[in-house]
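So the structure is just underneath, and the comments pick up after that.
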Number of protein chains: 2
Amino acid sequence: MALRHAVLAALLDGEYSGYQLAKAFDIGVANFWHALPQQLYAELTRLEGDGLIAGRKVIQENRPDKRLFSVTDAGLAELERFTEASVKPSFIRDDLLVKVQAADSVSAGPLIEQLTERAAAAEARIELFGGLLRQMRGAADEEEFLRRAERVGPYLTCLRGLAFERDTRDWCRRSAAVLRERRHTAPART
Amino acid sequence: MALRHAVLAALLDGEYSGYQLAKAFDIGVANFWHALPQQLYAELTRLEGDGLIAGRKVIQENRPDKRLFSVTDAGLAELERFTEASVKPSFIRDDLLVKVQAADSVSAGPLIEQLTERAAAAEARIELFGGLLRQMRGAADEEEFLRRAERVGPYLTCLRGLAFERDTRDWCRRSAAVLRERRHTAPART
DNA sequence: AGTAGCATGTAAACAGTTACATGATTAG
DNA sequence: CTAATCATGTAACTGTTTACATGCTACT
């Protein structure tokens with residue numbers, strides 16, 4: 001039940017609607033968790049039912065009403081409990097890795113293409129995360145910011161996301177290059 | 001349905017029993033996927049039923065009989081189809097990241113402890129992956145190996161795992177250091 | 001005598017994805 | 001007039017984790 005806590009952690013930033021959360025958890029800024037809109041709407045309903053978040057209705061003109069949620073004291077206590085519980089190790093789970101594992105038994109063309117695409121996607125996210133970090137730290141340099149800022153959690157998770165995407169990009173390029181070269185040099189097979 | 005293909009990709013290495021696969025997919029060498037023994041036994045049964053792998057019974061003395069599986073031609077064709085299909089983007093999903101996102105609203109002690117533990121676990125996996133890579137490439141250097149070796153898929157996925165663990169270790173240490181320092185300097189809160 | 005390793009599963013609970021559904025406004 | 005954005009869900013399906021279950025051998 002970690003989506004629950006991911007939503008609570010996201011709502012520490014301020015009030016958000018399901019729709020706004022969905023954007024953050026989907027494309028773009030999902031640097032600490034990922035979820036689909038349907039999951040979020042369901043989870044928000046459950047969290048509100050359990051009293052861990054509180055929603056208030058905002059009536060808007062020219063666009064649908066929305067409900068903004070914020071974390072309650074009970075929600076904060078739940079986050080505290082969650083943080084104190086022991087962590088499970090995390091694992092990479094990625095189709096592309098499976099494909100590369102099988103690279104020697106499968107045609108190289110589509111794989112090279114997909115590695116190139118993934119490298120480009122990673123590059124885009126590197127730019128995005130770089131911008132977010134700059135925005136968060138403002139005029140201060142990183143050391144300064146991490147020492148004095150009010151909130152550093154989102155900054156730290158964004159740093160993790162940035163490192164991950166950089167690795168992804170470099171590894172994709174490297175792997176694509178290796179496969180491309182091997183296509184021409186035709187290595188010995190048993 | 002990616003466990004299916006992860007199992008097929010793993011079996012390209014040679015014949016394995018459910019038990020052996022379980023060890024590879026659990027602690028240790030899970031550098032391209034992760035799964036529990038129960039999942040693997042179930043998936044192996046399904047894969048055999050679909051004719052994508054073939055099992056042969058090996059009778060052993062002094063220990064239980066086992067079934068060794070290998071990929072069939074139909075299995076290879078399935079992997080080819082899988083590789084040609086488009087990839088979904090991958091996401092980090094990690095409790096520890098959620099906890100760090102909430103770091104400013106929860107007590108730092110347990111978090112610092114968990115970050116330190118995770119850094120140590122990452123370090124252990126760095127050693128492990130380093131050893132595996134050395135073993136795979138033997139006497140050759142990396143460039144040489146990647147150009148001429150018969151199989152490079154497992155080597156490439158292991159490189160990805162190594163980079164991931166290095167990042168994890170560095171990020172955990174950095175985050176723990178930041179949180180430790182902030183505990184003493186007591187930053188301004190609103 | 002107890003722990004660890006070998007070897008294989010079933011059943012129930014939980015989490016995540018895919019498909020479907022609705023309806024208004026705004027920008028091209 | 002078409003697509004995108006805002007805004008919120010339900011239902012069915014698939015995949016993952018947790019708990020339970022068995023039994024033999026080797027080592028300390």
Side-chain angles (χ1 to χ4, degrees), chain A residues 1-8 15-28 30 33-50 53 55-69 82 85-95 98, chain B residues 1-8 15-28 30 33-50 53 55-69 82 85-95 98:
Chain A
M1 229 190 276
L3 172 60
R4 203 175 181 69
H5 302 105
V7 170
L8 285 173
E15 288 183 321
Y16 286 102
S17 68
Y19 186 81
Q20 288 174 297
L21 277 179
K23 274 198 301 178
F25 273 81
D26 192 39
I27 35 81
W33 203 264
H34 169 256
L36 299 166
Q38 301 94 302
Q39 260 180 293
L40 290 169
Y41 285 115
E43 195 61 56
L44 286 168
T45 305
R46 256 175 276 141
L47 280 164
E48 200 187 18
D50 295 344
I53 61 174
R56 63 183 186 91
K57 199 166 192 169
V58 174
I59 286 112
Q60 297 181 114
E61 280 170 23
N62 296 343
R63 77 190 56 180
D65 298 351
K66 63 180 170 184
R67 280 158 55 66
L68 293 178
F69 296 96
F82 171 67
S86 70
V87 268
K88 298 157 218 165
S90 80
F91 298 101
I92 299 186
R93 236 176 213 170
D94 187 346
D95 281 5
V98 174
Chain B
M1 228 189 277
L3 171 61
R4 202 176 183 70
H5 302 105
V7 170
L8 285 172
E15 288 184 322
Y16 286 102
S17 68
Y19 187 80
Q20 288 173 299
L21 276 179
K23 275 199 301 180
F25 274 81
D26 193 38
I27 34 83
W33 203 264
H34 169 258
L36 299 166
Q38 302 93 304
Q39 259 181 294
L40 290 169
Y41 286 115
E43 195 62 55
L44 286 168
T45 304
R46 253 174 278 142
L47 280 165
E48 199 187 19
D50 294 346
I53 61 175
R56 64 185 185 91
K57 199 165 192 168
V58 175
I59 285 111
Q60 297 180 114
E61 280 169 24
N62 297 341
R63 74 190 56 179
D65 299 350
K66 63 179 171 184
R67 282 158 52 66
L68 293 179
F69 296 95
F82 171 67
S86 68
V87 268
K88 298 158 216 162
S90 80
F91 298 102
I92 300 185
R93 236 176 212 169
D94 187 348
D95 281 6
V98 174

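Every chain is numbered from 1, with letters handed out A, B, ... down the list of sequences. Note that this is a predicted model, so its numbers are computed, not measured.
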Query - Note: A:R4-A:D50 ion pair, threshold 4.0 Å (strictly below) - result: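 A salt bridge links A:R4 with A:D50.
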Handout entry: First encountered from the 5' end of DNA chain C, between A:A35 and B:Q20
Key =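 First, find each residue's nearest nucleotide; the 5'-ward one identifies B:Q20.
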(message) Heavy-atom nearest nucleotide on DNA chain C for B:D65 versus A:L36: which residue maps closer to 5'?
(response)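 By nearest-heavy-atom nucleotide position, the 5'-most residue is B:D65.
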Between [N] atom [atom2] and [X] atom [atom1], what is the distance in whole Å?
X	N	atom1	atom2	result
B:Y41	C:dT10	OH	P	12 Å
A:R67	D:dG9	CZ	P	7 Å
B:K23	C:dT8	NZ	P	12 Å
B:I59	C:dC6	CD1	C1'	16 Å
A:K66	C:dT25	NZ	P	16 Å
A:E43	D:dT10	CD	C1'	16 Å
A:E61	D:dA7	CD	P	14 Å
A:H5	C:dA15	NE2	P	10 Å

Check: B:Y19 main-chain N/O paired with B:Y41 side-chain donor or acceptor under 3.5 Å: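 Looks like yes, one N/O pair under 3.5 Å.
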Any donor and acceptor pair, going by atom type alone, linking the side chain of A:Y16 with main-chain N or O of A:A24 inside 3.5 Å?
->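 No, because the side chain of A:Y16 does not come within donor-acceptor range (under 3.5 Å) of the backbone of A:A24.
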| said: Would the base of D:dT18 count as contacting B:Q38 through its side chain, where contact means a donor and an acceptor less than 3.5 Å apart? | reply: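 Side chain to base: pair present.
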Report yes if at least one side-chain N or O of B:Q39 is closer than 4.0 Å to OP1 or OP2 of D:dT16; otherwise report no.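 So the side chain of B:Q39 is within the cut-off, an N or O lying under 4.0 Å from OP1 or OP2 of D:dT16.
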Scoring nucleotides 23-28 of chain D by protein non-hydrogen atoms under 4.0 Å (B base, S sugar-phosphate only, - none) yields B-SS--
Contact class for B:R93 vs. all strands (heavy atom < 4.0 Å): base, sugar-phosphate, or nothing?
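Sugar-phosphate, no base atom in range.
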**Message:** Categorize B:Q60 for me: base, sugar-phosphate, or nothing, with a 4.0 angstrom heavy-atom threshold over every strand shown.
**Reply:**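 Counting heavy atoms under 4.0 Å across all strands, the contact made by B:Q60 is with sugar-phosphate only.
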So, for [X] and [Y], which heavy atoms are closest and what is the spacing to 0.1 Å?
X	Y	result
B:G18	B:L44	CA-CD1, 3.5 Å
B:A22	B:L40	CA-CD1, 3.3 Å
B:L68	B:S17	CD2-N, 3.5 Å

Assert yes or no for the condition that the ring centre distance of A:H34 to A:F25 is strictly below 6.0 Å.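 No, the ring of A:H34 stays outside the 6.0 Å limit from the ring of A:F25, centre to centre.
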